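Reckoned from all heavy atoms, side chains included, excluding hydrogens, waters and symmetry mates. Everything numeric here is computed off the predicted structure, so don't read it as measured data. Just so it is clear: chains get the letters A, B, ... in the order the sequence lines come, proteins before strands, and each one is counted from 1.
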Number of protein chains: 2
Amino acid sequence: MPDGVIEPKRGRKFDQVLAGARQVFLDDGFEGASVDEIARAAGVSKATLYSYFPDKRMLFMEVARTECARQAENAMDTIDMDADVAQVLHRIGHEIVAFITSRFGKRIFRTCVGESDRFPELGREFYDSGPKLVRDKIVGFFQIAIGRGELQIDDLTLAADQFHELCKADIFPRVVFNMTEEFTDAERKRVVDGAVAMFLARYGT
Amino acid sequence: MPDGVIEPKRGRKFDQVLAGARQVFLDDGFEGASVDEIARAAGVSKATLYSYFPDKRMLFMEVARTECARQAENAMDTIDMDADVAQVLHRIGHEIVAFITSRFGKRIFRTCVGESDRFPELGREFYDSGPKLVRDKIVGFFQIAIGRGELQIDDLTLAADQFHELCKADIFPRVVFNMTEEFTDAERKRVVDGAVAMFLARYGT
DNA sequence: TCACTTATAAACTGATCAGTTTAGTTGTTG
DNA sequence: CAACAACTAAACTGATCAGTTTATAAGTGA
């Protein structure tokens, strides 16, 4: 066995199952998705699916974990922490808005919340692999900016949480209660500009 | 038929059914609650239950509507709009935190979010009979305070939404992702004080 | 070719649950 | 008492669905 490459976890169809599951879970949520449907979407038999994953929940967890990490990473990696404070906040704000209004963001949030009773570890799993990373990144940025004398903050984590929440004003309830499908650039700008202005009024120097 | 009193909607057991449904839905959510369980909790036969409500969804809607209105009303009615701005904001902030950390708040939110696919009108129903009322109340207060020269706000609804979101900083994710059961007074105070300070830094005169 | 692994379709099991039906009980009113 | 309404327990229907089993096929490596 040459083992030059990391072997695909088990069997050839592992990724195929995951991809099918991702699609169906994102369309239908956890309870809404049937395993037969997932198997069909994955182009795989149900027996094969169950040879990779012990049950539906574990399959869902795998999908959620993988996707969250992917999303949070490449959202935050695009941001240049050396830029002007207002500019960085604008960029972060727009990333946050983009996430909560995205298909994936809506879906994963809804499912985590809705299923959190029958699935208690899911919430924390999601939080740690998504929002938490973003918060840490924001706190890191605050420290840099404070060092530069551009911000003045005593409670760093509170400030990060406040900024995050500010970016959800107006938009979040409309998303979460299924009241608006798409948001215009103007709507996004209004909220992010408002968040940055408020944040700087409080913590700017 | 003397009709001196408004007759109880239909039959004697209407309220009994509603009370049972309220209890079980609040414990188990919509999908988690079984109609048999509701009937048992209400001390009523299933047939009787179905003589009052055409199906489970309508029963849930009735419970949600009734409860939301009740909650939103008596939360906001306790607030004296003539007091000092900072004081009013503190009171409103604590009411908001109290709601989102309450058993009812958690439960209704989770259910609305989780069920919003198979139940699209539920989200708006909830929003209109709860958060919307609060927002209108806050906007009303802003207008008074602006008249008094104590606040300076151009986009009133955005400001109201911002304040609402600020009061959820830190607490909301911990509630929604099932990470914290109870919050101390210190935790609540930290968030509400932070929200008021930030709000006044931006909009205070 | 043989042995082994991985896959497949399809039938099956067992459970849950919304909503209906049935056959009978209770309470009220005239 | 008779008629009627509201109510009851319990069985039933019909559907969904997670997870298993069976019997079979296809690819691979020695």
Side-chain angles (χ1 to χ4, degrees), chain A residues 1-25 27-64 111 114-115 117-119 122, chain B residues 1-25 27-64 111 114-115 117-119 122:
Chain A
M1 197 202 284
D3 197 284
V5 189
I6 298 132
E7 65 209 296
K9 292 191 185 167
R10 287 110 90 196
R12 306 156 285 174
K13 309 228 166 169
F14 186 88
D15 294 338
Q16 213 173 315
V17 173
L18 222 57
R22 179 185 177 282
Q23 186 210 302
V24 177
F25 279 135
D27 283 344
D28 301 346
F30 179 76
E31 284 294 341
S34 88
V35 176
D36 290 85
E37 203 187 343
I38 293 172
R40 202 177 338 108
V44 136
S45 78
K46 225 173 148 185
T48 301
L49 186 154
Y50 276 107
S51 80
Y52 288 129
F53 296 95
D55 60 28
K56 193 187 175 188
R57 288 160 46 111
M58 286 304 127
L59 176 53
F60 182 80
M61 293 280 264
E62 191 60 36
V63 170
T111 305
E115 237 61 46
D117 284 335
R118 275 158 298 189
F119 226 141
L122 183 58
Chain B
M1 196 203 286
D3 199 281
V5 189
I6 296 132
E7 63 209 299
K9 292 190 183 168
R10 292 110 90 197
R12 307 155 283 172
K13 309 230 166 169
F14 186 88
D15 294 338
Q16 213 174 312
V17 172
L18 221 57
R22 179 185 177 281
Q23 186 210 300
V24 177
F25 279 137
D27 282 345
D28 300 347
F30 178 76
E31 285 292 343
S34 87
V35 176
D36 291 83
E37 203 188 343
I38 293 172
R40 202 176 340 108
V44 138
S45 77
K46 225 172 146 186
T48 301
L49 186 155
Y50 276 107
S51 81
Y52 289 130
F53 297 95
D55 60 28
K56 193 186 172 186
R57 288 161 48 110
M58 286 304 126
L59 176 53
F60 182 79
M61 293 280 264
E62 190 59 36
V63 171
T111 305
E115 236 63 44
D117 284 334
R118 277 158 295 188
F119 227 143
L122 182 59

What integer distance in Å separates [X]:[atom1] from [N]:[atom2]?
X: Tyr50(B); N: dC7(D); atom1: OH; atom2: P; result: 17 Å
X: Tyr52(B); N: dG19(C); atom1: OH; atom2: C1'; result: 18 Å
X: Gln16(B); N: dT8(D); atom1: CD; atom2: C1'; result: 13 Å
X: Lys56(B); N: dA18(C); atom1: NZ; atom2: P; result: 4 Å
X: Asp36(B); N: dT13(D); atom1: CG; atom2: P; result: 16 Å
X: Met58(B); N: dG19(C); atom1: CE; atom2: P; result: 10 Å
X: Asp28(A); N: dC17(D); atom1: CG; atom2: C1'; result: 14 Å
X: Phe14(B); N: dC7(D); atom1: CZ; atom2: P; result: 12 Å

Checklist outcome for this item: Sequence neighbours excluded, the answer for side chain to side chain contact (heavy atoms under 4.5 Å, CB included) partners of Glu37(B) is Val24(B), Asp28(B), Ser34(B), Arg40(B)
Next on the checklist: Quick check against the 3.5 Å criterion: does Tyr52(B) have a side-chain atom that pairs as donor or acceptor with the backbone of Lys13(B)?
Outcome noted: yes
Checklist entry - At their closest point, which heavy atom of Tyr50(A) faces which heavy atom of Asp55(A), and how far apart are they? => result CE2-CA, 4.0 Å
Next on the checklist: Between Lys56(B) and Phe25(B), does the side chain to side chain contact (heavy atoms under 4.5 Å, CB included) criterion hold? Intermediate values first, please.
Outcome noted: CA-CA 11 Å; Lys56(B) 193 186 172 186; Phe25(B) 279 137; 4.2 Å; yes
Checklist entry - Looking at residues 37-48 of chain B, who's got a heavy atom less than 4.0 Å off DNA chain D? => result Gly43(B), Val44(B), Ser45(B), Ala47(B), Thr48(B)
Next on the checklist: Pair Leu49(B), Leu59(B) - check side chain to side chain contact (heavy atoms under 4.5 Å, CB included), show working.
Outcome noted: CA-CA 9 Å; Leu49(B) 186 155; Leu59(B) 176 53; 4.1 Å; yes
Item to check | Atom pair CD (Glu115(A)) and CD (Glu31(B)), whose distance is rounded to the nearest 0.5 Å | outcome: 9.0 Å
Checklist entry - Can you find a side chain N or O atom of Lys13(B) that sits less than 4.0 Å from OP1 or OP2 on dT8(D)? => result yes
